[in-house]
Amino acid sequence: GDLNQHTTGWIEWNVLLDKVGGPTCQGPSSERECLPLIGNCDAAIRADLENQALIYTDSYAVMAHFSRFMPRGSTQVTTTSNVNDFNVTSVITPDNEVVTVIINQAATNQTYQLQVSDQPGQVAHITIPAHSVHTLRTSLNSNHSPQAPLQQSADATVFGSYRSDHYLSNEDYPEKVNPMNPTTGGRVHLLLPNDVSLKPSLPLTVSFNDGQYNVTLKVGGNISAFEWVHAQIASDASVWVSFHTQDDALVASLTNIAVLDAELNVVAAAKLPSLPTRDYGLRMTLITTRHSYAEAVVHLHNYGTANETITSMTVGTQTVTPSVATLQPGQHMVVTAVLSGYDEGDVLTARIVTARGEHVGNGVRITKEIYPLEAWPKSSQCPYPYPGANRSNFDTLQATLSLDTLFLGSACNASSKEVANAAIDSGYRVLLTDNYYQSVTDVNNTDSLAAIFLSDEGDNSVNDTARLWDKVIYQRSINPKLATYIGGHSNHLNGMFSGIADVQGFDFYVAGCAPHITGFFKQLPLRAPYDFLRNVRNNHMPLTTWLYSQGLVKDWNYRLHGNEVAVQIAQTVLSGSKSVMLFQADVTVPEGLDVVTPLMASLSYLNETLRVADVDGAIIVKDDDPGDSMVQGFQHPEGLLLMIANFKADGYNDILCEIYLENHWTFSNHTINQLVATVAGQTLKGQVTEVVEGQSVAPKDGARVSVAGDRVVVENVHLDTAQSLVRFFWIQ
């Protein structure tokens with residue numbers, strides 16, 4: 001209205017106020033100074049002083065429609081409208097561009113036509129959402145009609161993936177949660193082309209269907225019909241968008257998408273004629289980096305029932321040629337690509353075109369190149385190497401468990417800066433809770449911070465997704481490099497939460513009367529931790545999981561035997577976790593270290609191999625009873641790691657444990673006469689070693705390993721109940 005009455009400028013009275021719209025005051029008068037009030041004034045930007053964050057209000061975005069696109073020197077021109085609920089104004093800019101701003105005051109969406117008199121016959125048909133603002137730009141004397149904001153790059157190819165939520169059988173693992181079976185919706189990854197000439201301002205907004213659904217990535221943002229939404233600009237001229245919804249109808253209705261910056265510039269936009277095929281057989285299971293972010297490693301697996309042929313593949317900006325063009329059902333492949341200019345917190349993308357015409361794409365935020373051997377220690381023991389803590393307890397845990405990372409929720413009277421500096425000096429890392437690590441300004445060097453721990457078992461209901469999304473958005477705003485971590489405990493709800501944070505955690509234990517989410521009267525198998533943790537890995541891939549194992553501690557009724565802990569540590573690794581996290585670590589419990597210490601030493605020796613390799617890397621055939629052992633092939637760019645664990649145990653029961661009858665698993669010696677592992681895309685040279693107690697040695701105890709191309713045969717594998725409960729063979 002003001003522009004149409006020839007106004008030439010405004011004075012914005014309040015640009016920045018505090019969180020409640022202050023400081024403000026009343027007065028002064030002849031009798032007193034200014035009387036402070038609580039606030040309640042409006043401003044384009046508000047400052048959350050407590051959390052050191054800026055809050056961009058709606059008025060900020062509305063003002064941008066004018067200040068961004070109507071520069072000094074523009075000339076107001078006559079604009080007419082026959083829509084009663086519209087306020088409309090237009091100017092011609094010094095660049096000979098017509099800019100039109102339309103405000104829809106109605107409570108419903110409105111479809112309208114826009115025509116510029118200089119362009120007869122050129123008409124734009126546009127839908128504007130209820131109570132919203134559109135800005136449209138068109139050059140005079142051109143052959144192009146004005147374009148709606150969401151139509152930029154509309155013909156560009158969109159790569160992506162769409163997976164259902166994975167969950168376990170209610171018969172095997174009953175849970176009392178809602179929804180009991182998450183059979184609708186799922187998680188979506190999209191890779192959109194990006195206008196690299198822009199330097200977008202944050203926060204970003206993801207808009208679907210010409211503004212029908214808008215999600216601004218800010219604390220307290222409205223996530224609309226979704227559980228959560230993320231977007232980040234990648235280093236390869238693309239924008240990575242990920243989201244989760246339970247609504248199949250919503251997914252089917254999505255026709256276009258746009259990502260806008262804080263000034264409403266269109267960063268990326270495209271049509272969505274259809275989302276990627278849900279649960280398509282060819283999937284990326286892990287995207288990571290190595291060599292200080294100079295090389296990408298991408299794992300592919302065919303989970304389908306038919307052959308899948310790759311016609312082209314791109315990782316970052318590099319076109320790569322897979323070692324095998326066609327993956328048969330059950331086959332796995334690893335691909336590497338040279339990177340340049342990537343760092344922690346950047347988005348790394350991978351794209352595949354298949355012979356079926358699928359455009360498969362995924363993105364991940366790069367995390368530190370670490371495989372944490374972490375423990376949640378007893379807080380009363382304070383095992384940290386800084387003044388006020390217990391250095392002796394720290395040294396004991398380091399020596400007996402090969403730990404390189406410690407959880408830290410309270411600092412034993414130290415500041416977060418002291419904690420971080422002590423970690424750097426002592427060569428270990430800390431996993432800090434978000435209420436302890438308040439701001440990047442608290443710590444001079446974040447190299448010692450593995451990630452920011454936002455929640456432990458926070459997946460109690462679907463409503464928790466928004467709360468945890470808020471936490472992640474805030475942490476990324478204050479330190480975009482650091483990874484975020486959330487833990488979980490429900491396999492039925494896990495799929496909705498996997499993807500909110502960079503790293504997903506989970507715990508499930510089956511010894512020492514440990515509590516768990518399943519029914520008390522349901523007898524659980526020894527492999528239950530593997531089943532739960534593997535379900536988490538399947539939901540979160542190709543992102544990273546850091547999963548928990550029970551530790552050597554008497555937290556409930558009994559102190560665990562060493563083999564009970566070792567087999568649960570093994571299940572954490574076998575599931576595909578990129579960390580072993582122990583709950584808890586107690587320096588007063590020496591029992592069982594004779595079994596656990598050698599295993600943890602071997603995991604420390606293999607940590608970089610395990611971080612870069614991925615599970616299901618070989619098709620395994622073995623001749624023993626399936627329940628007596630578990631074998632996993634980790635395919636690595638330079639070879640194959642076979643991990644073999646003894647599962648031949650019985651005697652434990654939750655109910656009997658509670659009444660002090662059967663309180664431990666009883667293991668038996670076991671031998672696998674022969675197992676055969678077949679890999680795809682690799683020709684192994686036949687160099688074989690076994691890793692024992694953190695050292696590489698020749699295969700021991702009569703084990704024989706022969707290699708012929710892509711086929712490995714291992715014979716006479718003895719598994720005992722102690723140091724050889726778990727064995728590792730590295731084949732190149």
Side-chain angles (χ1 to χ4, degrees), residues 152-162 187-206 217 229-243 257-261 265-272 275-276 282-300 310-322 333-354 358-369 476 480-481 483 499 502 541-544 612 637:
Q152 180 175 322
S153 306
D155 297 326
T157 300
V158 176
F159 289 75
S161 67
Y162 181 16
R187 186 197 68 189
V188 175
H189 277 197
L190 297 173
L191 302 179
L192 312 176
N194 172 30
D195 184 349
V196 294
S197 65
L198 293 174
K199 294 183 178 180
S201 54
L202 301 178
L204 298 178
T205 294
V206 182
L217 308 184
V229 179
H230 284 306
Q232 185 169 328
I233 299 168
S235 301
D236 60 1
S238 68
V239 176
W240 170 52
V241 176
S242 62
F243 62 86
I257 181 175
V259 179
L260 301 92
D261 72 359
N265 296 308
V266 178
V267 179
K271 291 181 180 179
L272 295 175
L275 287 176
L282 184 62
R283 303 179 203 174
M284 300 182 202
T285 63
L286 177 67
I287 301 175
T288 189
T289 63
R290 63 176 180 172
H291 306 323
S292 300
Y293 316 112
E295 186 177 54
V297 180
V298 180
H299 287 264
L300 313 172
I310 299 171
T311 59
S312 66
M313 181 172 181
T314 304
V315 179
T317 59
Q318 300 295 314
T319 300
V320 297
T321 302
M333 178 171 55
V334 59
V335 177
T336 61
V338 175
L339 299 177
S340 177
Y342 283 80
D343 199 358
E344 180 185 358
D346 292 341
V347 168
L348 175 60
T349 64
R351 299 170 176 80
I352 295 171
V353 179
T354 72
E358 291 281 345
H359 291 75
V360 182
N362 283 103
V364 303
R365 276 171 40 93
I366 297 173
T367 59
K368 281 185 171 69
E369 294 178 345
R476 289 181 181 175
K481 282 192 172 186
D502 302 305
M541 67 183 192
L543 284 72
T544 296
V612 172

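Excluded from the calculations below are hydrogen atoms, water molecules and symmetry mates; all remaining heavy atoms, backbone and side chain alike, are included.
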Q | Euclidean distance, Leu348 CG relative to Ile366 CD1, rounded to 0.5 Å | A | 5.0 Å
Q. Is the backbone N or O of Arg283 less than 3.5 Å from a side-chain atom of His299, with the two atoms forming a donor-acceptor pair by type?
A. no
(Q) Quick one, Val334 with Val297, criterion side chain to side chain contact (heavy atoms under 4.5 Å, CB included). Give me CA distance, side-chain angles, the key distance, then yes/no. (A) CA-CA 7 Å; Val334 59; Val297 180; 3.6 Å; yes
Q) Picking from Asn194, Val241, Val266, what satisfies side chain to side chain contact (heavy atoms under 4.5 Å, CB included) with Val259? A) Val241
**Q.** Distance (rounded to the nearest 0.5 Å) between Ser340 OG and Glu295 CD
**A.** 13.0 Å
Q. Is the closest basic N to carboxylate O distance between Glu344 and Lys368 below 4.0 Å?
A. yes
(Q) How long is the straight-line distance from CG of Asn362 back to CH2 of Trp240, given to the nearest 0.5 Å? (A) 9.0 Å
Q: Report the C-alpha distance between Met333 and Ile310 in whole Å, list the side-chain angles of each, state the deciding distance to 0.1 Å, and finish with yes or no for side chain to side chain contact (heavy atoms under 4.5 Å, CB included).
A: CA-CA 12 Å; Met333 178 171 55; Ile310 299 171; 3.8 Å; yes
(Q) Which heavy atom of Val338 sits nearest to which heavy atom of Gln318, and what is that distance? (A) O-CG, 3.1 Å
Q: Identify the heavy atoms of Ser292 and Glu369 that sit nearest to each other, and give their distance.
A: N-OE1, 2.9 Å
Q: For Thr205 and Leu260, indicate whether the former's side chain and the latter's backbone hold a donor-acceptor pair under 3.5 Å.
A: no
Q: May I ask you to check whether Thr157 and Arg351 show a side-chain donor-acceptor distance below 3.5 Å?
A: no
Q) Do the side chains of Arg365 and His230 get nearer than 4.5 Å, heavy atoms only? A) no
Q.
Looking at every non-hydrogen atom in both residues, tell me the closest pair between Ser161 and Pro276 and how far apart they are.
A. N-CG, 3.4 Å
Q.
The test is side chain to side chain contact (heavy atoms under 4.5 Å, CB included); show your working for Thr349 and His189 and say whether it passes.
A. CA-CA 10 Å; Thr349 64; His189 277 197; over 6 Å; no
Q: Applying side chain to side chain contact (heavy atoms under 4.5 Å, CB included), run through Leu192 and Val158 and close with a yes or a no.
A: CA-CA 6 Å; Leu192 312 176; Val158 176; 3.9 Å; yes
(Q) On a heavy-atom basis, which atom in Tyr293 and which in Thr367 lie closest, and how many Å separate them? (A) CE2-O, 3.7 Å
(Q) I need the Leu339 CG to His291 NE2 distance, nearest 0.5 Å. (A) 10.5 Å
Q. Taking all non-hydrogen atoms of both residues, which atom of Pro322 and which atom of Met313 are closest, and how far apart?
A. CG-SD, 4.1 Å
Q. Shortest non-hydrogen contact from Gly361 to Leu191?
A. CA-CD1, 4.0 Å
**Q.** pair Ile352-Phe159: side-chain heavy atoms closer than 4.5 Å
**A.** no
Q. What distance separates Asp502 CG from Thr544 OG1, expressed to the nearest 0.5 Å?
A. 8.5 Å
Q. Would you say the side chain of Val320 lies within less than 4.5 Å of the side chain of Val298, judging by non-hydrogen atoms?
A. no
Q. Atom CD1 of Ile257 and atom CG of Leu275: how far apart are they, to the nearest 0.5 Å?
A. 9.0 Å
